[in-house]
Structure formats: structure tokens, C-alpha cells
Amino acid sequence: MKFVRASLILATVCIAAFANSSVALSDDYGELAGNYSGKNKQGGEVILTIPNSGIPSYTFNGARQKVAGAKTAGKNIDLVVPVDGGDARITISPAGKNKLSWNFRFKNIKDTTILVKKQ
């Protein structure tokens, strides 16, 4: 009985791991992949990491922010970031060679920043 239970648990863990890995690897960001940084109008520093595939990550003023979801829409990457009182939306778009436009929206707060790729 213990063997059957252990086998079922192992099978469940393997299935869950496979399902999560295929979701995380679903988007291919191609030439946008890399590390970017910039400052908003108030001087807040944004550091963005876009992997070749998976979910981008970023820090704001040195604090890592949770990204709950990411999807591509054409050449844009849309991020969903949980904050107190709801979800912020961030749209990342190409803005020239080695540059991205960062558009943050949450309720009536909007912020646009240009991020530059680190070489």
C-alpha cells in the first residue's frame, strides 16, 4: 500500500512539474532577451531581465517585484504584477536599437520609461 501511495505521489509531482515547465517555456522572446535598466521621471530605477523563454523579472528601486503572468502580443510583452489593491499592467515594447519602452498602468497611475539593454 505504501508503494502504491508513493508511486501516485511521484507521478503527480512529475505531471505537475511537466505542466509548469511547458507553461513557463511557452513564450520565446528572441532578440528582446537580455538585461535592461532605466529610471522613471521620479528617479525610480527599473531593472528588467527578459529570458530567452519563461517569465521576465524586474526590480524597482532594488526590490524584486512579483510577476504573476506574462504574454506576448505581437512585438509587445504584457506583464501582470500584483500590487496592493489590484493588478498593475506593464507593456514592454521595442523602442529602437537595444531600447525598450516600459509602460506601467495601475488605476490612475501611469508611467512610461525607456530602458536600455546592458551590453
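Distance CD/Glu45 to OG/Ser37: 6.5 Å, rounded to 0.5 Å. Taken to the nearest 0.5 Å, the CG atom of Leu79 stands 11.5 Å off from the CG atom of Asp87. Distance check, rounded to the nearest 0.5 Å: CG of Asp111 to CZ of Phe104 gives 7.5 Å. Atom CD1 of Ile92 and atom CG of Asp78 lie 8.5 Å apart (nearest 0.5 Å). One finds the CD1 atom of Ile47 at 9.0 Å from the CG atom of Asn35 (value rounded to the nearest 0.5 Å). A distance of 10.0 Å separates CG in Leu115 from CG in Asn40, rounded to the nearest 0.5 Å.
For residues 57-66, the set of pairs meeting the side chain to side chain donor-acceptor pair (under 3.5 Å) definition, not counting sequence neighbours, is empty.
Ile114 is not listed as a side-chain neighbour of Leu100, based on a closest heavy-atom distance of 4.5 Å or more.
Between the Lys117 side chain and the Ala33 main chain, a donor and an acceptor come within less than 3.5 Å of each other. No side-chain donor-acceptor contact under 3.5 Å links Tyr29 to the backbone of Ile55.
Looking at Asn103 and Ser101, their side chains do bring a donor and an acceptor atom within 3.5 Å of each other.
The environment of Glu31 atom CD is sparse: at most 12 non-hydrogen atoms of other residues, nucleotides or ligands sit within 6.0 angstrom.
Applying the side chain to side chain donor-acceptor pair (under 3.5 Å) rule to Arg105 yields the partners Thr91; only residues at least two apart in sequence or on another chain are considered.
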